[in-house]
Amino acid sequence: MFQRVKLETRRVYLAIWLNLSRAASSFPVGSCFAASGLLDQLSLFDITQGHSFAQTLLQRFESKAPNSSMNNSFALLLIDGMSVREERVAHALQYSLGKIPLLGGSAGDDQKYVKTYVYSDGRFSTDSAVLVLLQTSLPFKIFKSHHFVSTDERLVVTEADPVKRIVKEINGLPAAEEYARLIGVKARDLDSMCFATSPIVVKIGGTDYVRSIQKANADGSLTFYCAIEEGLVLRMAHGMDMVNSLEQTFDSIRREIGAPQLVLGCDCILRNLEATQNGLKQRISDIFRRNNTIGFSSYGEQFYGIHNNFTFTGCAIGVTTKLDNGVHDV
């Protein structure tokens with residue numbers, strides 16, 4: 001997963017490469033300004049480093065776009081999906097950016113879970129993240145979408161290794177065994193499709209955020225895509241209609257900014273797996289195509305500084321140059 005922002009004298013081009021194919025959209029000169037930076041050595045990341053990096057990039061961005069504000073700017077974060085630093089990095093950068101909304105995704109490696117890369121300034125980097133700040137006079141909408149609703153079935157994390165995102169016990173029992181019991185399968189039968197169709201959510205401020213499981217381990221523990229700590233109360237979730245949920249998301253976008261000329265999105269790999277299993281890939285591809293969507297299949301998604309799973313996050317950019325209400329959320 002990687003990106004490049006290229007500025008030219010006559011037009012501004014935002015070029016996104018996905019796998020081995022290239023998609024591009026162009027905007028009138030003067031309607032879009034961008035600045036990007038590489039944040040490396042994530043294994044040594046601390047909050048002070050993140051604040052310093054963001055402030056330096058903000059200064060460079062504001063020199064190009066002096067009229068930038070929360071109403072006409074947003075930030076795109078592309079981060080090493082094996083760094084296990086998404087929560088810290090996204091939170092620190094969003095704090096430094098203030099009310100400029102941040103969205104993004106975690107790089108993947110076709111579910112090998114070995115090493116992932118981001119691309120910046122002509123080279124690939126691991127243990128790194130790319131932050132792109134964009135300002136535009138075009139209307140745009142920052143959004144997130146998932147199709148799960150929490151139930152009353154609670155799972156309390158009673159033993160965990162937060163650094164490695166490993167849960168050893170749930171409700172005082174071996175994590176894999178208890179999770180398997182709750183979804184009605186044997187622990188030995190847990191696989192990526194089980195995790196894709198039976199996710200877990202955590203409530204933050206009354207809103208459900210998906211916390212997906214990456215794999216079951218030989219010792220009976222579970223590895224998650226997101227930070228997990230002891231005492232955390234999780235809930236089982238049940239899925240709604242993925243196609244209908246996605247249609248509603250784009251309907252909301254169109255009501256607020258009109259038909260998008262470009263949607264830049266990060267869509268969780270587990271959504272892709274579920275769509276494949278349920279025979280929905282063509283219908284979802286058609287929705288993306290109708291709404292000019294390009295982007296990435298990611299190991300995790302960031303939205304306003306919060307790291308998510310099983311979520312589609314993105315920015316939809318409209319056609320007219322009038323900004324009526326600034327930034328909007330779904």
Side-chain angles (χ1 to χ4, degrees), residues 1 16-23 81 105-113 116 143-151 153 176 179-201 208-216 222-226 235-254 259-260 262-301 303 308-314 316 330:
M1 179 173 111
I16 313 295
W17 281 261
L18 177 58
N19 297 325
L20 298 179
S21 63
R22 184 174 74 179
S106 304
D109 62 350
D110 294 326
Q111 293 185 278
K112 298 181 181 69
Y113 306 115
T116 58
F143 65 89
K144 74 176 179 70
S145 175
H146 68 74
H147 60 292
F148 291 95
V149 178
S150 61
T151 69
E153 187 73 60
Y179 172 78
R181 182 188 69 81
L182 290 169
I183 67 172
V185 303
K186 299 293 185 181
R188 64 175 178 271
D189 296 327
L190 290 175
D191 59 18
S192 59
M193 296 311 303
C194 291
F195 306 140
T197 55
S198 301
I200 295 170
V201 302
D208 289 337
Y209 292 89
V210 185
R211 294 290 181 261
S212 296
I213 301 168
Q214 181 190 116
K215 60 181 179 178
L222 296 171
T223 299
F224 279 70
Y225 280 107
C226 271
R235 294 171 184 263
M236 295 300 299
H238 65 84
M240 307 297 283
D241 187 301
M242 182 188 288
V243 173
N244 184 57
S245 173
L246 195 58
E247 290 277 24
Q248 290 179 359
T249 294
F250 282 113
D251 286 345
S252 177
I253 289 170
R254 288 172 175 270
L262 173 69
V263 175
L264 176 58
C266 297
D267 197 29
C268 185
I269 183 64
L270 295 178
R271 288 169 57 89
N272 189 307
L273 290 173
E274 181 183 344
T276 300
Q277 183 187 46
N278 295 334
L280 300 175
K281 288 196 72 170
Q282 187 58 54
R283 294 176 66 188
I284 289 174
S285 293
D286 289 342
I287 296 172
F288 283 154
R289 191 175 297 111
R290 289 199 307 271
N291 290 281
N292 301 316
T293 304
I294 58 176
F296 313 100
S297 187
S298 48
Y299 278 179
E301 301 72 47
F303 186 75
N308 303 266
N309 298 139
F310 227 126
T311 302
F312 175 44
T313 64
V330 173

Test log, rule side chain to side chain contact (heavy atoms under 4.5 Å, CB included), inputs Q248 and H147: CA-CA 11 Å; Q248 290 179 359; H147 60 292; over 6 Å; no
Set out, in order, the CA-CA distance, both residues' side-chain angles and the distance that settles ring pair (Phe, Tyr, Trp, His ring centres under 6.0 Å) for Y299 and Y113, then state yes or no. CA-CA 9 Å; Y299 278 179; Y113 306 115; 5.0 Å; yes
What verdict does the salt bridge (Lys or Arg N to Asp or Glu O under 4.0 Å) test give for D286 and R283, after you've listed the backbone C-alpha separation in whole Å, the side-chain angles of each residue and the deciding distance to 0.1 Å? CA-CA 5 Å; D286 289 342; R283 294 176 66 188; over 6 Å; no
Apply ring pair (Phe, Tyr, Trp, His ring centres under 6.0 Å) to residues F195 and Y225 and explain how you reach the verdict. CA-CA 11 Å; F195 306 140; Y225 280 107; 9.0 Å; no
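In terms of heavy atoms, T249 sits closest to S145 at OG1-OG, 2.8 Å. Contact record, P199 with F310: CB-CD1, 4.1 Å, taken as the closest heavy-atom pair. Between R235 and T151, the closest heavy-atom pair is NH1-O, 3.4 Å. Here the closest non-hydrogen pair linking R271 and H146 is NH1-CA, 4.0 Å. A pairwise comparison of heavy atoms in N309 and G300 identifies ND2-CA, 4.0 Å as the closest pair. When all heavy atoms are compared, the tightest approach of P260 to A316 is CB-CB, 4.3 Å.
At a threshold of 4.5 Å between non-hydrogen side-chain atoms, the residues D267 and N272 do not count as touching. Counting heavy atoms from C-beta outward, T197 and I183 have side chains that stay 4.5 Å or more apart. By the 4.5 Å heavy-atom criterion applied to side chains, F143 and V263 are counted as neighbours. Side-chain contact between Q111 and K215 is absent, with no heavy-atom pair separated by less than 4.5 Å. With contacts defined as side-chain heavy-atom distances shorter than 4.5 Å, the pair I200/M236 qualifies.
Ring-plane geometry between F312 and F250 is classed as tilted, the angle between the planes lying from 30 to 60 degrees on a 0 to 90 degree scale.
Formation of a donor-acceptor pair under 3.5 Å by the E301 side chain with backbone atoms of T311 is found in this model. In this structure, the side chain of D241 engages the main chain of V243 through a donor-acceptor pair within 3.5 Å. At distances below 3.5 Å, at least one donor-acceptor pair connects side-chain atoms of D208 with backbone N or O atoms of S150. Side-chain N or O atoms of T116 include one that pairs as donor or acceptor with a backbone N or O of G81 at under 3.5 Å. With hydrogens and angles disregarded, no donor-acceptor distance shorter than 3.5 Å links the side chain of T223 to the backbone of Q214. Panel note: side chain N291, backbone T293; no donor-acceptor pair is recorded below 3.5 Å.
Interatomic distance, NZ of K144 versus CG of N308, reported as 6.0 Å (0.5 Å rounding). For the atom pair CE (M193) and OG (S198), the distance works out to 10.0 Å, reported to the nearest 0.5 Å. S298 contributes atom OG, which lies 9.5 Å from atom CG of L270 (distance to the nearest 0.5 angstrom). Considering CD of Q282 and CZ of R289, their distance stands at 6.0 Å, rounded to 0.5 Å. Summarising the geometry, atom OG belonging to S245 is positioned 9.5 Å from atom CD1 belonging to I287; distances are rounded to the nearest 0.5 Å. Interatomic distance, OG of S192 versus CD of E274, reported as 12.0 Å (0.5 Å rounding).
Counting non-hydrogen atoms of neighbouring residues, nucleotides and ligands closer than 6.0 angstrom, the CE atom of M240 reaches no more than 12 such neighbours.
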